[in-house]
Amino acid sequence: MALRLSNYSYRAKRRRGEGLRLGCARFPPRGVRPADYAHLDIMDVWLPTLAPSRELVTWATKSNLEDPKVWKTFVRRYQTEMKATNARQTIRTLAQLAQRTPISVGCYCHGSHCHRFVLEDLIRQASAGKF
């Protein structure tokens, strides 16, 4: 069964068929009421369980994620965090959900060096029984 899974940046215009938007950033948007998240194209549900830890976010903001070695370290550390029981079970649940309905994982980041791409890959791995 094909996964109906994608990713997006907060406030990016919704795409046809992207489904439920899951906000996977560590911190919710400041100054925005949760009731406004969806109509502002931020998220439908905030799911911080799948965000990098505070410590990893702090490290990442002080680092140059464009540097391949730094990015590799970030990915390794994030993947390790996602192996914790709550995160791992959430990822497995999303893998099953994405086989039935479209979902999108999102974050503030606009570039290619964002945990949402790693998360999307982990969900795909879980769907294949490899996570």
Side-chain angles (χ1 to χ4, degrees):
M1 185 175 278
L3 281 189
R4 294 158 64 185
L5 175 65
S6 61
N7 70 72
Y8 71 98
S9 293
Y10 288 178
R11 296 188 187 259
K13 185 175 170 138
R14 288 181 182 262
R15 297 178 310 261
R16 173 179 270 208
E18 81 177 358
L20 184 69
R21 279 188 161 191
L22 304 172
C24 299
R26 170 58 43 205
F27 305 104
R30 286 187 179 167
V32 180
R33 295 178 319 144
D36 295 332
Y37 290 168
H39 84 266
L40 292 175
D41 290 331
I42 298 171
M43 67 184 95
D44 296 312
V45 178
W46 183 40
L47 194 58
T49 306
L50 300 179
S53 66
R54 287 178 183 264
E55 296 78 18
L56 186 52
V57 169
T58 299
W59 177 84
T61 57
K62 294 177 181 176
S63 303
N64 176 11
L65 294 180
E66 300 294 323
D67 178 321
K69 288 182 183 179
V70 174
W71 176 245
K72 186 175 180 177
T73 299
F74 174 84
V75 169
R76 181 181 44 77
R77 289 178 63 185
Y78 177 68
Q79 288 172 332
T80 298
E81 290 180 356
M82 292 302 101
K83 290 178 183 175
T85 302
N86 287 344
R88 185 181 67 244
Q89 290 307 111
T90 302
I91 288 169
R92 289 177 177 170
T93 299
L94 292 179
Q96 290 297 311
L97 184 63
Q99 291 178 3
R100 294 162 177 78
T101 191
I103 62 170
S104 290
V105 293
C107 184
Y108 295 101
C109 303
H110 291 280
S112 60
H113 291 89
C114 177
H115 79 283
R116 74 178 188 270
F117 295 102
V118 181
L119 177 57
E120 182 180 2
D121 185 56
L122 292 174
I123 295 169
R124 291 184 188 287
Q125 287 178 36
S127 177
K130 298 177 182 174
F131 183 79

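Just the heavy atoms: all of them, side chains too, but no hydrogens, waters or symmetry mates, feed the values below.
To the nearest 0.5 Å, atoms OG1 (Thr73) and CG (Leu56) are separated by 10.0 Å. The structure places CG of Leu50 at 10.0 Å from CG of Asn86, a figure rounded to the nearest 0.5 Å. Expressed to the nearest 0.5 Å, how far CZ of Arg54 lies from CZ of Arg26 amounts to 7.0 Å. The line from CZ of Arg124 to CG of Leu119 is 11.0 Å long, rounded to the nearest 0.5 Å. Annotation: the span from Leu97 atom CG to Arg4 atom CZ amounts to 9.5 Å, rounded to 0.5 Å. Considering CG of Leu5 and OG of Ser127, their distance stands at 9.0 Å, rounded to 0.5 Å.
Nearest heavy atom pair, residue Asp44 against residue Gly19, reads OD2-O, 4.0 Å. Heavy-atom minimum distance, Ile103 versus Leu94: CD1-O, 3.8 Å.
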Self-check item: Step-by-step side-chain contact (heavy atoms from CB on, under 4.5 Å) determination, Arg92 to Gln96
Solution: CA-CA 6 Å; Arg92 289 177 177 170; Gln96 290 297 311; over 6 Å; no
Quiz item: Between Tyr10 and Arg21, is a side-chain contact (heavy atoms from CB on, under 4.5 Å) present by the stated rule, with each step listed?
Solution: CA-CA 9 Å; Tyr10 288 178; Arg21 279 188 161 191; over 6 Å; no
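A side chain to side chain contact (heavy atoms under 4.5 Å, CB included) with Val105 is found for exactly one of Ile123, Leu20, Val118, namely Ile123. Evaluated for a salt bridge (charged side-chain N to carboxylate O under 4.0 Å, His left out) with Asp41, the options Arg14, Lys13, Arg15, Arg11 yield exactly one hit, Arg14.
By the 30° and 60° cut-offs, the orientation of the rings of Phe74 relative to Tyr78 is parallel.
A salt bridge is defined here as a Lys NZ or Arg NE, NH1 or NH2 lying under 4.0 Å from an Asp or Glu carboxylate O, and Glu81 with Arg77 fails to meet this definition.
Between the side chains of Ser9 and Arg116, at least one donor-acceptor pair of N or O atoms lies under 3.5 Å. Judged purely by distance below 3.5 Å, without hydrogens or angles, the side chains of Gln79 and Arg76 never pair a donor atom with an acceptor atom.
When the side chains of ILVMFWY residues are joined at heavy-atom separations under 4.5 Å, either directly or via intervening members, Trp59 and Met82 end up in a single hydrophobic cluster.
Scanning for side-chain contact (heavy atoms from CB on, under 4.5 Å) contacts around Asp36 gives Val32, Arg33, His39, Leu40, with sequence neighbours left out.
Using a 4.5 Å heavy-atom cutoff, the side chains of Tyr8 and Met43 are in contact.
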